[in-house]
2 protein chains.
Amino acid sequence: MSLASDRAKPRATEKPTLYKRIRLDIETRILTGEWPPGHRIPFEHQLMARYRCSRMTVNKALSELAQADLIERRRRAGSFVRRPQHMSAVLKIADIRAEITALGRAYGYQLIDCRRRTATSADRARLGVSTAGKVIAIACRHSADDVPFAVEDRLIDLSTVPEAATADFAREPPGSWLLHHVPWTEAEHTISAVVADARTAKALDIAVGAPCLVIDRYTWRSARTVTAVRLHYPGETHRLVARFKGG
Amino acid sequence: MSLASDRAKPRATEKPTLYKRIRLDIETRILTGEWPPGHRIPFEHQLMARYRCSRMTVNKALSELAQADLIERRRRAGSFVRRPQHMSAVLKIADIRAEITALGRAYGYQLIDCRRRTATSADRARLGVSTAGKVIAIACRHSADDVPFAVEDRLIDLSTVPEAATADFAREPPGSWLLHHVPWTEAEHTISAVVADARTAKALDIAVGAPCLVIDRYTWRSARTVTAVRLHYPGETHRLVARFKGG
DNA sequence: CACGATTATATGTCTAGACATATAAGTCAA
DNA sequence: TTGACTTATATGTCTAGACATATAATCGTG
């Protein structure tokens, strides 16, 4: 994740289509502040005249800007540059194996513990389910170039993902397995900071009391819980990077 | 065939428009897993027949799904459900004052230090600029119901935001001021964990060595640096929550 | 079999219209 | 002044075509 990089999009002499040019023109004016928040964008019929095209073409450009939340369209009134209301950052949380190999480092994986059991009340609370089905509880560690990268503590709900019972988590990390076997999921991430307890410190090879970044991820698929996972990262070496989206 | 004439006219009973219904139908099939990643979506001409509409209508539905990264469109080949490749979570990082008042708590603000100076080499490195202009350096604290919420350490580039020279940061938090005076920005957030040093511990009223969540935000506007800010949150009480977006 | 040329086809973009609908703005009466 | 009614207008959706373009498949040749 390079700093401030995806603005530069080379691609020298390419002829963009008209609606893309219209969209980019408007986007540029907004981003540079030439058209500040609240500013009314020219009406569709004015843009038709300026670009000498049909209304559907300018409509497509404006619709995409509206879908991207850059402008707001109001019937009879016109289209307006949206007022910044909150920063919403897009945080890319990759599969850990993919993340490490993408960095050009050697991925290592150690299964610490894996057991299948009937959900305890603590398990049910953590998964947010009320009935006591079977679950898999996994503890494992990810490393990059043989340096501990993160420890993982996971619970998988077998009533949602029965195929997980046959997976070999000694060989494949559960996150990667799930990513390839559960098609589309929703998730909630909670990020916090703690200091390492003895067990975490040992697994990450850091000092007890050293800071750790903790990510709790709760994943479900159409109202059914898939998995709950807690990841500890060494806080002084690991960083989460979230890219913008002003407004 | 009984629906053959439902096209052009009265039909006031149907609320959602047709293209939205098409989009929702497809989205539902993807999200439930009925159409798994890699599955080819019916061709436009098939959807035209199924929904008895023109190609532009199904095209609009599919284009929006493509813009939302839910499907991938390939010429001659068709449209395909996208394979999950990374979890990208949307992290809402509100203006701190807005965040606290939204929680129904009393917002408090204390300016600790504010000085204007010519950028030192450290300032220039932090802002990512090469020329030595004027900057404002601010340290302040936010509190909720009189409990310390976060400490802020900020640098504002006056060559990008000259108006900031006249702002009264003793009264208004710099984040809020910037949000209302700099129209559209891009930003990069870096999240990490540290343990509190003496100064931070004192400001946050926590113990030295307690975990802190650190957010570094680097903000610019069309290639010009606006501000760089570092926020320390007490890690055991503060949590960042990022909601989903599977795939 | 390998490989380049050709073809078929699904998407990409665009047009010149149409009617629907929400609503800002103006009009008029109480 | 205020509230109810009317009108004008910008966007929302849709059609039935058109040509462009990338590329998967097929075909032909060495």
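In what follows, every chain begins at residue 1, and chains take the letters A, B, ... in the order their sequences are listed.
In this structure the side chain of B/S143 reaches within 4.5 angstrom of the side chain of B/Q110, judged on heavy atoms. Under the 4.5 Å side-chain criterion, counting only non-hydrogen atoms from C-beta, B/Y19 is not in contact with B/N59. Using a 4.5 Å heavy-atom threshold, the side chains of A/I136 and A/L155 count as separate. Side chains of A/T225 and A/Y218 form a contact here, defined as non-hydrogen atoms less than 4.5 Å apart.
Taking A/E27 as the reference, A/R23, A/L31, A/L65, A/L70 meet the side chain to side chain contact (heavy atoms under 4.5 Å, CB included) condition, with sequence neighbours excluded. Listed by chain and residue number, nothing satisfies the ring pair (Phe, Tyr, Trp, His ring centres under 6.0 Å) test with A/H180 (two or more places apart in sequence, or in another chain). Listed by chain and number, the residues in a ring pair (Phe, Tyr, Trp, His ring centres under 6.0 Å) with B/F43 are B/H45 (sequence neighbours excluded). Every residue meeting the side chain to side chain contact (heavy atoms under 4.5 Å, CB included) condition with B/V241, not counting sequence neighbours, appears here in chain and number order: A/E188, A/T190.
The stretch residues 73-80 of chain A comes close to DNA chain D through A/R73, A/R74, A/R75, A/R76, A/G78, A/S79, each having a heavy atom under 4.0 Å from the strand. Residues from residues 55-64 of chain A placing a heavy atom under 4.0 Å of any atom in DNA chain D, listed by number, are A/R55, A/M56, A/N59. A heavy-atom distance below 4.0 Å to DNA chain D is reached by these residues of residues 38-52 of chain A, ordered by number: A/F43, A/E44, A/H45. If you check residues 22-30 of chain B against DNA chain C, you find no residue with a heavy atom closer than 4.0 Å.
In terms of phosphate contacts, B/S54 brings no side-chain nitrogen or oxygen within less than 4.0 Å of OP1 or OP2 of D/dA16. One finds no side-chain N or O of A/K20 lying less than 4.0 angstrom from the OP1 or OP2 phosphate oxygen of C/dG12.
Over its length, the helix from C/dC1-D/dG30 to C/dA30-D/dT1 turns its helix axis by 20°, as judged from the five terminal pairs at each end, rounded to 10°.
Side-chain atoms of A/R74 and A/S79 include no donor-acceptor pair closer than 3.5 Å. Judged by distance alone, the side chains of B/H142 and B/E152 do bring a donor and an acceptor atom under 3.5 Å apart. Inspection of the B/D145 and B/Y107 side chains reveals no N or O donor paired with an N or O acceptor under 3.5 Å. When only modelled atom types and interatomic distance are considered, A/R154 and A/T227 share a side-chain donor-acceptor pair under 3.5 Å.
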- Query: After noting the C-alpha distance and the side-chain angles of B/V226 and B/D157, does the key distance pass the side-chain contact (heavy atoms from CB on, under 4.5 Å) rule?
  - Reply: CA-CA 6 Å; B/V226 173; B/D157 189 335; over 6 Å; no

- Query: Do A/L47 and A/T57 pass the side-chain contact (heavy atoms from CB on, under 4.5 Å) test, and can you show the C-alpha distance, the side-chain angles, and the key distance before you say yes or no?
  - Reply: CA-CA 10 Å; A/L47 292 169; A/T57 301; over 6 Å; no

- Message: Please evaluate residues A/I22 and A/C53 with respect to the criterion side-chain contact (heavy atoms from CB on, under 4.5 Å), reporting the C-alpha separation (whole Å), side-chain torsions for both, the decisive distance (0.1 Å), and the verdict.
- Response: CA-CA 11 Å; A/I22 299 174; A/C53 64; 4.2 Å; yes

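The CG-P distance, from A/L18 to D/dC19, rounds to 19 Å in whole Å.
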Under 3.5 Å, N/O pairs linking protein and nucleotides 26-28 of chain D:
none

Contacts under 3.5 angstrom, residues 167-175 of chain B side chains, donor-acceptor by atom type, not counting sequence neighbours:
residue	atom	partner	partner atom	Å
B/D168	OD1	B/A170	N	3.1

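Geometrically, A/R97 does not engage A/Y109 in a cation-pi contact defined by less than 6.0 Å to the ring centre and at most 45° from the axis.
Counting only residues at least two apart or in different chains, salt bridge (charged side-chain N to carboxylate O under 4.0 Å, His left out) contacts with residues 31-47 of chain B comprise B/R29-B/E34, B/E44-B/R55, B/E44-B/R73.
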